[in-house]
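What follows is one structure encoded as structure tokens, with my remarks underneath.
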2 protein chains.
Amino acid sequence: MSPATVSFVLNETPGQVLREETRDRVRAAAKQLHYQPHRIARALRAGSSPVVLLDIGPIWGGHILDGFVQGMRDELVTEGLTLLVRRGDEAPLDEMIDAVAPRAFVGLPSEYTGGSHSGRVEIEEGGRLDGLAAHAHTQLGFLARLGHRHIAVATPATSDASARRIVDLRLQHAAAVRSELGLTQVTELPLTESPEDDRATVAALLSDTPEITAVAALDDMLAMRTLRAADDLGIDVPADLAAIGFGNSAVGSLWKPALTTVEIDAVAFGHRAARLALGKPVGEFARPASRVIVREST
Amino acid sequence: MSPATVSFVLNETPGQVLREETRDRVRAAAKQLHYQPHRIARALRAGSSPVVLLDIGPIWGGHILDGFVQGMRDELVTEGLTLLVRRGDEAPLDEMIDAVAPRAFVGLPSEYTGGSHSGRVEIEEGGRLDGLAAHAHTQLGFLARLGHRHIAVATPATSDASARRIVDLRLQHAAAVRSELGLTQVTELPLTESPEDDRATVAALLSDTPEITAVAALDDMLAMRTLRAADDLGIDVPADLAAIGFGNSAVGSLWKPALTTVEIDAVAFGHRAARLALGKPVGEFARPASRVIVREST
DNA sequence: GCTAGTTACTAACTCGAATTAGTGCTACCG
DNA sequence: CGGTAGCACTAATTCGAGTTAGTAACTAGC
């Protein structure tokens with residue numbers, strides 16, 4: 001068995017004429033010897049590892065993320081690629097790209113700018129139809145249809161720059177759909193990790209701007225912080241203050257009152273992201289990318 | 001500049017006599033040419049990528065995980081290694097090990113058995129002093145000291161085999177510390193994703209075994225499911241039923257009543273895991289690996 | 001027996017870095 | 001002038017897979 005012949009068989013090199021019997025012999029030998037191609041050597045030749053790196057921003061988590069990852073994986077396995085996920089708290093992005101040499105890189109709105117690395121794709125999620133802007137539309141539109149005009153947007157009171165960037169991006173989307181939805185005002189409501197502080201913040205906001213009748217939160221956790229503060233202040237939800245979350249997390253349905261929230265079709269987003277990263281054509285969304293799950297808090 | 005000389009300088013090969021001026025010239029040239037050593041080629045020579053793969057079981061999440069990852073990373077950067085984390089829902093473990101060829105592999109109690117891969121370390125977390133057994137001791141011991149004798153352990157009603165394995169492991173730990181703590185009985189309380197089902201399960205358990213006065217949950221989420229069910233059933237917490245969580249997650253302090261929980265020193269565990277994986281000696285714990293955060297639910 | 005066609009072979013080389021053994025050159029000392 | 005450090009060089013190899021060009025061995029047809 002020459003290395004060349006073996007290579008032709010195992011990699012099914014097109015245009016190579018080999019007897020079927022020979023192919024069988026090679027395959028049998030490979031099996032018997034438990035031949036496992038050395039991936040690093042392959043990667044060296046190919047120029048990159050059979051890996052796509054997904055960089056998650058600091059905010060996303062839980063339910064949505066799971067679906068997104070799932071969707072990307074579905075798409076990548078068809079190409080024999082493995083998905084690697086980097087969370088905000090893990091190794092620095094550069095270090096990670098350097099260490100694994102991925103075939104492609106997918107970043108949700110991130111700090112990462114510039115870069116000569118091949119196959120790098122940035123998803124800016126600003127899409128009017130399928131990005132965060134659309135989700136803002138879904139969330140605020142629902143409140144608008146219920147008659148709310150003054151709405152507060154609950155955000156995390158973070159000082160982290162990259163987290164802040166995402167928050168600002170989402171506030172911009174909210175502002176962008178404001179007039180279209182006939183909303184009078186959209187105010188920011190920055191919440192912390194402390195229930196006491198949050199109570200004070202909510203109380204201050206409502207006394208400053210009593211016209212506010214609803215809170216749209218950037219995630220379910222923030223919505224629940226709001227509900228907790230409202231409960232502490234003796235505010236009736238949803239009669240005096242409605243609240244809607246984002247992401248349809250598990251605790252939301254458990255809360256009392258059960259949290260109304262926006263669910264997004266994360267799996268479909270994952271598919272899209274993967275196809276984009278691989279340079280394959282992305283199709284249309286089969287159904288709306290986000291929808292409201294109505295429960296008791298609105 | 002010969003390749004050999006350059007290699008000696010850049011890798012600081014010990015035992016090589018070189019003039020400082022030459023070293024400087026090499027370094028300057030490397031900088032000017034933006035020399036970036038190709039990691040895959042390096043990995044090929046070294047036999048593995050400069051990466052340690054951490055495999056998280058299906059249960060862990062949130063707060064604890066963050067600390068653990070942080071701790072491992074602290075330790076690994078000193079060796080120039082990058083930490084990669086695999087969650088339960090991502091690519092299969094084999095595929096991932098195959099794709100990145102990590103220097104070492106760290107698995108929390110997992111399905112993964114056998115394996116010729118070098119540097120693979122399984123952490124069985126059964127340690128009496130510093131593992132899950134110790135945490136069970138911390139959690140149940142606290143309830144025992146409050147006078148509880150019949151305790152229910154809230155578990156996720158999962159059918160997933162690997163998740164089930166971890167649950168069983170933790171139930172075993174609970175059973176193991178039972179007699180030592182003077183507890184009469186430790187019963188399993190399997191909770192689902194449905195508040196209605198949970199309410200029925202809790203009601204059934206308490207009518208079958210009215211002696212039960214406390215619930216110890218395997219994580220905070222399960223503790224909150226229990227609290228939700230208790231609230232629905234009109235059970236007074238903590239007077240008629242106490243509840244303690246595990247993991248000190250963010251929502252726990254937000255809940256009403258605020259959740260008593262067990263916090264574990266995840267960063268220290270991360271350090272240990274990394275040192276273990278690298279074959280370095282692991283020291284003693286400076287302080288208890290877990291402690292109770294007392295709030296209103298007990 | 002010659003030619004053409006089929007099939008599998010050998011040998012050399014790529015990817016990029018690291019490492020070894022051996023060599024050449026300079027400078028200094030006795 | 002010979003000997004010996006001190007220093008940097010050349011050339012060859014390794015890691016494992018994959019690829020290419022050229023060739024050898026065999027069979028079939030005329």
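Lettering of chains follows the sequences in order, A, B, ..., and the numbering in each one begins at 1.
Computed from coordinates, the A/Arg39 CZ to D/dG18 P distance equals 10 Å when rounded to whole Å. Note: CD1 (B/Ile40) to P (C/dG16) measures 10 Å, nearest angstrom. At whole-Å resolution of the value, CG in A/Asp98 and P in C/dA17 are 11 Å apart. In this structure, A/Glu21 places its CD atom 15 Å from P of D/dC26, rounding to the nearest Å. Summarising the geometry, the separation between CD on B/Glu12 and P on C/dA18 is reported as 12 Å, rounded to the nearest angstrom. Between B/Arg25 atom CZ and D/dC7 atom C1' there is a gap of 11 Å when expressed in whole angstrom units. The nearest whole Å value for the distance from the CG atom in A/Leu18 to the P atom in C/dG5 is 19 Å. Remark: C1' of D/dT14 and NE2 of A/His38 are 13 Å apart, rounded to the nearest angstrom.
Taking the side chain of A/Arg19 as heavy atoms from C-beta on, and the options D/dT19, C/dA18, C/dT7, the nearest nucleotide is C/dT7. Of the candidates D/dG18, C/dA17, D/dA17, the closest approach to any side-chain atom of A/Asn11 belongs to D/dG18. Taking the side chain of B/Arg42 as heavy atoms from C-beta on, and the options D/dT20, D/dA11, C/dA18, the nearest nucleotide is C/dA18.
Using a 3.5 Å distance cut-off with no hydrogens or angles, the side chains of A/Arg164 and A/Thr158 do not pair a donor with an acceptor. Between the side chains of A/Asp168 and A/Gln172, not a single donor N or O lies within less than 3.5 Å of an accepting N or O.
Position along DNA chain D of the nearest nucleotide to B/Glu20 versus B/Ala41 favours B/Glu20 as the more 5'-ward residue. Along DNA chain C, the nucleotide nearest B/Leu44 and the nucleotide nearest B/Phe8 are compared for position; the residue whose nucleotide lies closer to the 5' end is B/Leu44. Across the interface with DNA chain D, nearest-nucleotide mapping of A/Gln36 and B/Pro3 shows B/Pro3 to be the residue nearer the 5′ end.
Note: B/Thr138 OG1 to B/Ile264 CD1 = 9.5 Å, rounded to the nearest 0.5 Å.
If you look at A/His271 and A/Phe68, their ring centroids are not closer than 6.0 Å.
In terms of phosphate contacts, A/Ser7 brings no side-chain nitrogen or oxygen within less than 4.0 Å of OP1 or OP2 of D/dG18. OP1 or OP2 of D/dG16 has not a single side-chain nitrogen or oxygen of A/Arg45 nearer than 4.0 Å. In terms of phosphate contacts, B/Tyr35 brings a side-chain nitrogen or oxygen within less than 4.0 Å of OP1 or OP2 of C/dA17.
Across all strands shown, A/Ala4 has heavy atoms under 4.0 Å from base atoms, whether or not it also approaches the sugar-phosphate.
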Could you walk me through whether B/Gln70 and B/Asp74 pass the side-chain hydrogen bond (donor to acceptor under 3.5 Å, both in side chains) check?
-> CA-CA 6 Å; B/Gln70 170 80 49; B/Asp74 285 354; 3.3 Å; yes
